[in-house]
S.K.: 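This is the structure I want to talk about, given as structure tokens.
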Amino acid sequence: MTPTPTPVRPAEAADLVADPLRFGVGARVTVAVMCDRYVEVVLGVLGSVRTDGLVVQTGDVSTYVGGHEADLLRYLTDLVDAVAATGEHAAVTLHLSRGCPGEVRCALPGGAGPREVVLPPGRRTGRSGAAEWALYPLADDVRAGVVPDHMRDIEAAIDLARASGTFRGSEHFVTRLEGDVGALVETVVGAWARAGRGVQHVTSHVTFSLNSPTRRG
């Protein structure tokens, strides 16, 4: 259970927002490879991706990656691309979070404020995939005139996917994305960061399907 938020001083809030780890910016990633070499493939992929500027902790269920959104964009693009490059049928499950009042690595209170960042363009890899994606702007703090409007931010994220050319349609509980895996990661991370310009706590879930033998089209 998340403890009751305590007020935070403006200077303290600014320090919390400026530090991605103290603000709880990060991801949990799980790679599943459908082949009998899955241990070799998964460990090889995880070991091949640069982790500069990031905190990385690999467990038996998932890998935690914490740090600046731009570093996460680079890492996740490289990771998904490396999985796709193996040629094996695989899935990558990604859970993004930022600004959680209950984040275990910090004492971030509700009302610390949103965090605005400018991300660099994503990298196109030349490898394609599909994804099922959901975004959750958890606008549960109404201080400073913030009015919760989850659909406003979700619709803006879908518009971003349309503009990037990765949007393929709405399905039960998710939005389907298709295209270059770099563009898919850019869409997901970019929409998550953009929603965070006005909402402190934003999470996103996505499952990437790579080299699927039943790929549409």
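Numbers here are sequence positions counted from 1.
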S.K.: Would you say that Val56 contacts Tyr64 through its side chain, given a criterion of any heavy-atom pair below 4.5 Å between the two side chains?
M.R.: no
S.K.: Measuring from Leu54:CG to Arg74:CZ, what's the distance to the nearest 0.5 Å?
M.R.: 5.5 Å
S.K.: What closest approach, in Å, do Gly122 and Glu186 show between heavy atoms, and which atom pair accounts for it?
M.R.: N-OE2, 2.8 Å
S.K.: Roughly how far, to the nearest 0.5 Å, is CG of Asp153 from CD of Glu155?
M.R.: 9.5 Å
S.K.: For Arg168, does its backbone N or O pair with a side-chain atom of Glu178 as donor and acceptor, under 3.5 Å?
M.R.: no
S.K.: Evaluate the side-chain proximity of Val117 to His68: yes if any heavy-atom separation is below 4.5 Å, no if none is.
M.R.: yes
S.K.: What distance separates Ile154 CD1 from Leu135 CG, expressed to the nearest 0.5 Å?
M.R.: 6.0 Å
S.K.: With Arg98 as the cation and Trp192 as the aromatic partner, state whether NZ or CZ is under 6.0 Å from the six-membered ring centre and within 45° of the axis.
M.R.: yes
S.K.: Sequence neighbours excluded, which residues qualify as ring-ring contact (aromatic ring centres under 6.0 Å, His included) partners of Phe167?
M.R.: none
S.K.: For residues Val25 and Arg115, determine if any side-chain heavy atom of one lies less than 4.5 Å from a side-chain heavy atom of the other.
M.R.: yes
S.K.: Side-chain heavy atoms nearer than 4.5 Å, only ILVMFWY residues, links allowed to pass through others: does that put Phe208 and Ile158 together?
M.R.: no
S.K.: Is there a ring-ring contact (aromatic ring centres under 6.0 Å, His included) between His205 and Tyr136? Walk through the geometry before answering.
M.R.: CA-CA 8 Å; His205 288 90; Tyr136 305 98; 5.7 Å; yes
S.K.: Are Ser204 and Val188 side-chain neighbours, meaning at least one heavy-atom pair lies under 4.5 Å?
M.R.: yes
S.K.: State, with a plain yes or no, whether a side-chain heavy atom of His201 is found less than 4.5 Å away from one of Ser97.
M.R.: yes
S.K.: Got a second to check how far Glu69's CD is from Leu96's CG, nearest 0.5 Å?
M.R.: 9.5 Å
S.K.: Backbone N or O of Pro137 within a donor-acceptor pair of the His150 side chain at under 3.5 Å?
M.R.: yes
S.K.: Looking at side-chain heavy atoms only, is the closest gap between Val189 and Leu76 below 4.5 Å?
M.R.: yes
S.K.: Got a list of side-chain donor-acceptor pairs under 3.5 Å for residues 79-94, not counting sequence neighbours?
M.R.:
residue	atom	partner	partner atom	Å
Asp81	OD1	Arg127	NE	2.6
Asp81	OD1	Arg127	NH2	3.2
Asp81	OD2	Arg123	NH2	3.4
Asp81	OD2	Arg127	NH2	3.4
Thr86	OG1	Val83	O	2.7
Thr86	OG1	Glu88	N	3.2
Glu88	OE2	Arg37	NH1	3.0

S.K.: Stepwise, does the side-chain contact (heavy atoms from CB on, under 4.5 Å) test hold for Arg194 with Leu160?
M.R.: CA-CA 10 Å; Arg194 181 173 294 190; Leu160 179 66; 3.8 Å; yes
S.K.: With a 3.5 Å cut-off and no angle check, do the side chains of Thr187 and Thr166 form a donor-acceptor pair?
M.R.: yes
S.K.: Could you walk me through whether Ser62 and Thr30 pass side-chain hydrogen bond (donor to acceptor under 3.5 Å, both in side chains), step by step?
M.R.: CA-CA 5 Å; Ser62 65; Thr30 300; 4.6 Å; no
S.K.: Taking it one step at a time, do Val49 and Thr51 satisfy side-chain contact (heavy atoms from CB on, under 4.5 Å)?
M.R.: CA-CA 6 Å; Val49 180; Thr51 60; 5.7 Å; no
S.K.: Same cluster for Val31 and Val39 if Ile/Leu/Val/Met/Phe/Trp/Tyr side chains link at under 4.5 Å?
M.R.: yes
S.K.: Can you give me the closest heavy-atom contact between Ala161 and Ser164, atom names plus distance?
M.R.: O-OG, 2.9 Å
S.K.: Would a distance-only check, ignoring hydrogens and angles, find a side-chain to backbone donor-acceptor pair under 3.5 Å from Asp180 to Ser128?
M.R.: no
S.K.: Quick one: CD on Glu132 to OG1 on Thr175, what's the gap to the nearest 0.5 Å?
M.R.: 10.0 Å
S.K.: Would you say Ser48's side chain and Val45's backbone share a donor-acceptor pair under 3.5 angstrom?
M.R.: yes
S.K.: With clusters defined by side-chain heavy atoms of hydrophobic residues (ILVMFWY) lying less than 4.5 Å apart, directly or transitively, does Val174 cluster with Val181?
M.R.: no
S.K.: To the nearest 0.5 Å, tell me how far Leu138 CG sits from Thr203 OG1.
M.R.: 5.0 Å
S.K.: Work out which heavy atom in Val33 is nearest to a heavy atom in Tyr38; give both atom names and the distance.
M.R.: O-CB, 3.5 Å
S.K.: Membership question, hydrophobic clusters at under 4.5 Å side-chain separation (ILVMFWY): are Trp133 and Met151 in the same one?
M.R.: no
S.K.: Tell me whether Met34 is reachable from Val29 by hopping between hydrophobic residues (I, L, V, M, F, W, Y) whose side-chain heavy atoms are closer than 4.5 Å.
M.R.: no
S.K.: To check you understand the geometry: which heavy-atom pair defines the closest contact between Leu72 and Gly67, and what is its length?
M.R.: CD1-O, 3.7 Å
S.K.: Of the non-hydrogen atoms in Thr125 and Thr77, which two are nearest, and what is the gap between them?
M.R.: CG2-CG2, 4.2 Å
